[in-house]
Amino acid sequence: IEEQKYSLFEKAYERLEDIRLEEQMQMAIDFIRNTRWGPDNKNYFWINDLEGKMILEPLYPHIEGKNCIIFKDLNNKEIFVEFIKTSRERGQGFVDHHGLGYDDNKSNPRVSFVRLFETWGWVIGTSVDLEDIGAYQEPEKVKLYFILPPIDEEPPIDDEGPASPA
């Protein structure tokens, strides 16, 4: 899912050459802000920079613009340090951590996938609770909703038509 989203993001970036950098960045943020995925469309993407500043956090917009480098998970792991380290060292990868569940306040093991968008120094990531993995079909039918028009192709469609925003 991340690969598909990132690919469309890169295509959009290539077509924005004549638009000012600030506008390009805002369009990318808007593009990602309302994207949801997964069986219940509860999974989302966030963006932080390489210094730990939160660029986009759809569920907690009050932390956007704040430095999150000191944030720790429920097991005291410095998760943004790990997200940045993984992105810098390998360009992309998985980071295991613990977080609050979607519907409760207990600690849930999670895995995040992060990928570096080197051009802007952004780390784009998404997470899933490990206990939710069983809800995903193999292969998962990806249902993403994009607020921008298609780049080179139609948005993913399943038998029910285009996915809708969560």
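Heavy-atom minimum distance, Tyr44 versus Thr126: O-OG1, 2.6 Å. Between Val128 and Trp37, the closest heavy-atom pair is CB-CH2, 4.3 Å. Taking every heavy atom of both residues into account, Leu59 and Arg36 meet most closely at CD2-NH2, 4.5 Å. Between Asn76 and Lys72, the closest heavy-atom pair is OD1-CD, 2.9 Å.
Taking CD1 of Ile47 as the reference point, atom CH2 of Trp122 lies at 4.5 Å (rounded to 0.5 Å). In this structure, CD on Glu78 lies 9.0 Å from CD1 on Ile70, to the nearest 0.5 angstrom. Taken to the nearest 0.5 Å, the CG atom of Asn34 stands 12.5 Å off from the CD1 atom of Ile29. Atom CG of residue Leu21 and atom OG1 of residue Thr119 lie 10.0 Å apart, to the nearest 0.5 angstrom. We find the CE-CD distance between Met25 and Glu22 to be 8.0 Å, quoted to the nearest 0.5 Å. Atom CE in Met54 sits 10.0 Å away from atom NE2 in His62 (nearest 0.5 Å).
For the pair Cys68/Glu57, no side-chain contact is recorded, criterion being any heavy-atom separation below 4.5 Å from C-beta on. Between Leu56 and Phe31, the closest side-chain pair of non-hydrogen atoms is not below 4.5 Å. In this structure, Trp120 and Ile55 have side chains that are not in contact, with every pair of non-hydrogen atoms separated by 4.5 Å or more. Considering only heavy atoms from C-beta on, Ile69 stays 4.5 Å or farther from Glu51 through its side chain. Phe83 places a side-chain heavy atom less than 4.5 Å from the side chain of His97. Using a 4.5 Å heavy-atom cutoff, the side chains of Ile84 and Asn48 are in contact.
Counting only distance, with no hydrogens or angles, the side chain of Ser87 and the backbone of Gln92 share no donor-acceptor pair below 3.5 Å. Side-chain atoms of Asn43 come within 3.5 Å of backbone N or O of Ser127 as a donor-acceptor pair.
In this pair, Trp46 and Phe80 present their aromatic rings perpendicular. The plane angle is above 60°, beyond the 30 to 60° band.
When the shell of 6.0 Å around NZ of Lys77 is examined, it contains more than 12 heavy atoms from other residues, nucleotides or ligands.
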